[in-house]
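Residue numbers start at 1 and run along the sequence shown. Below, all heavy atoms of this structure are taken into account, side chains as well, without hydrogens, waters or symmetry copies.
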Amino acid sequence: MDFIDLKSQYQASRDLINGRIQAVLDHGQYIMGPEVGELETRLAEYTGASHCITVASGTEALLIALMALGVGRGDEVITTPFTFIATAEAIVLLGATPVFVDVDPYTCNIDPALIEARITPRTRAIIPVSLYGQPADMDEINAIAERHGIAVIEDAAQSFGASYRGRQSCNLSRMGCTSFFPSKPLGCYGDGGALFTSDEELAKAMREIRVHGQSKRYVHTRIGVGGRMDTLQCAVVLAKLELFDWELQQRQRAAATYDNLLFGNDAGLRPVGRREDRTSVYAQYTVVLEHRTDLQAALQAAQIPTAVHYPVPIHRQPAYAHLDAAASCPVSDALAGKVMSLPMGPYLSNADIHAVCSTLLHAARETQAAHLAAPADLTV
Ligand SMILES: *Cc1c(COP(=O)(O)O)cnc(C)c1O
């Protein structure tokens, strides 16, 4: 069993993917070829945003979004510490300071009720992360940002394809960033990412920043980066889009199967909470539990791969802890010790899910008994 089964996905779309790649090899426009614009049009339509700008990676998307806002030294950007490092890295690379706000223990997404207390005159933006594929509380966050005249950038690296109150992730705030890293719900075969906005000026800025700040050939009106997504990777995403909606349905099927088998019993597990007004694309299927080390070992012994997203919150990382010394994120600290992600993907069979669940439930009950039958404490 693979943690994320990319081989079956390739087999399902093999002819489409091969055909798209061959077309690029035939026309030979490897940088900014026709597939780049074609993909941008398709993705803008998919999300409802006016503009999509493909870029070299999800990390590059975050960096370019912040550059387009002019974020730099002395500025502060509010974000969650319970995320992949790239969210904070983009802020720090520009000389700005990340300000960490704790997450909601139910959804693991940034808690909007805690944001306003950390806004200062230096705050320039808020970057909520739609963790595990479920959009953050974007309307509440947008309302706070509007009151203070600051921008919201959704880190939708895990949530492309999710919906929120009838709208699509990536188009839920001023700017949205996503990633096409191979294991993301919509992945390519290397690095890739995209930016979304309906703001004309920001779109123009981001297009220029992507190519070294160039407004015309060898006219550099801004400081930019080498941040293009290459044509071959765009071709792969175009091919994968054909099955994407079906794959999202399969992800829902897999998640529902897990839900039915894992919870509402005496094994002491709980799911990451989901809200009724939005969908998750289950970039990860993550469970909150006690005694993680023991349970991971039991699954590993049965050759079932697991992962932890994320074991150390960013405000505890050696290179980041000093940047926001005032950060107080007890929920993130607790969750970092209690989350475990299980194999997930559209091609994961129900038989495999049953195998994962029976191994996990058995191990969870045994571990509980071994810990003197102390009831699991999942109140973080
Ligand atoms: C994957 C990811 C990124 C970075 O995307 P890359 O394409 O790997 O650079 C940023 N933020 C989050 C939340 C991610 O999961």
Side-chain angles (χ1 to χ4, degrees), residues 36 39-40 43-44 47-80 83-99 101 110 115 122-131 135-136 138 141-142 144-146 148-160 167-181 184 191-214 221-229 314:
V36 178
L39 179 62
E40 290 175 347
L43 297 180
T47 60
S50 308
H51 304 276
C52 167
I53 299 117
T54 56
V55 292
S57 67
T59 307
E60 205 74 18
L62 289 161
L63 187 70
I64 293 173
L66 289 167
M67 288 175 80
L69 290 173
V71 170
R73 207 152 290 141
D75 293 334
E76 293 176 358
V77 178
I78 289 175
T79 191
T80 157
T83 176
F84 181 58
I85 196 73
T87 316
E89 192 174 51
I91 299 165
V92 174
L93 279 173
L94 294 172
T97 305
V99 172
V101 166
I110 193 168
I115 291 177
R122 289 193 293 271
T123 310
R124 296 291 311 278
I126 306 171
I127 309 184
V129 177
S130 295
L131 197 72
M138 297 303 291
I141 296 165
N142 285 328
I144 295 164
E146 202 156 307
H148 294 271
I150 58 184
V152 177
I153 303 167
E154 183 195 9
D155 182 342
Q158 302 180 7
S159 61
F160 185 88
R167 288 170 284 143
Q168 289 292 309
S169 182
C170 293
N171 184 31
L172 301 176
S173 57
R174 187 97 163 268
M175 284 178 271
C177 298
T178 199
S179 163
F180 305 121
F181 186 83
K184 307 280 169 155
D191 278 308
L195 284 151
F196 296 84
T197 188
S198 292
D199 181 313
E200 200 74 40
E201 263 174 49
L202 282 173
K204 182 170 181 283
M206 295 192 293
R207 278 191 194 285
E208 292 177 4
I209 292 167
R210 169 177 70 174
V211 284
H212 308 287
Q214 201 169 253
T221 30
R222 334 168 173 266
I223 309 281
V225 294
R228 295 165 304 229
M229 179 166 167
I314 302 181

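- At least one side-chain heavy atom of I115 sits less than 4.5 Å from a side-chain heavy atom of I78.
- Judged purely by atom type and a 3.5 angstrom limit, T83 has no side-chain atom pairing as donor or acceptor with the backbone of T80.
- Looking at R124, its side chain does come within 3.5 Å of a backbone N or O of L69 through a donor-acceptor pair.
- Within the 4.5 Å cutoff, the side chain of I110 has no heavy atoms near those of the V129 side chain.
- Between I53 and F196 there is no side-chain heavy-atom pair separated by less than 4.5 Å.
- When each of V55, L66, I64 is paired with I209, the side-chain contact (heavy atoms from CB on, under 4.5 Å) condition holds for I64 and for no other.
- A side-chain N or O of E154 and one of S169 form a donor-acceptor pair less than 3.5 Å apart.
- Looking only at distances, a side-chain donor or acceptor of D75 sits under 3.5 Å from a matching main-chain atom of G72.
- At a threshold of 4.5 Å between non-hydrogen side-chain atoms, the residues L62 and I127 count as touching.
- At a cut-off of 3.5 Å, with distance as the only test, no side-chain donor of S173 or N142 sits close to an acceptor on the other residue.
- Between T197 and H51 there is a side-chain heavy-atom pair separated by less than 4.5 Å.
- When side chains are defined from C-beta on, R228 counts as touching V211, because their heavy atoms get closer than 4.5 Å.
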Verdict with reasoning, E208 to K204, per salt bridge (Lys or Arg N to Asp or Glu O under 4.0 Å): CA-CA 6 Å; E208 292 177 4; K204 182 170 181 283; 3.2 Å; yes
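- In this structure, the side chain of S198 engages the main chain of S50 through a donor-acceptor pair within 3.5 Å.
- Counting only heavy atoms from C-beta outward, the side chains of F180 and M229 approach each other to under 4.5 Å.
- Looking only at side-chain heavy atoms (C-beta outward), I150 and I126 come within less than 4.5 Å of each other.
- Side-chain atoms of S130 do not come within 3.5 Å of backbone N or O of S159 as any donor-acceptor pair.
- With T178 contributing its side chain and G193 its backbone, the two residues share no donor-acceptor pair below 3.5 Å.
- The closest side-chain donor-acceptor pair between E40 and T54 falls under 3.5 angstrom.
- With a 6.0 Å radius and a threshold of 12 heavy atoms from other residues, nucleotides or ligands, R122 has its CZ atom at or below the threshold.
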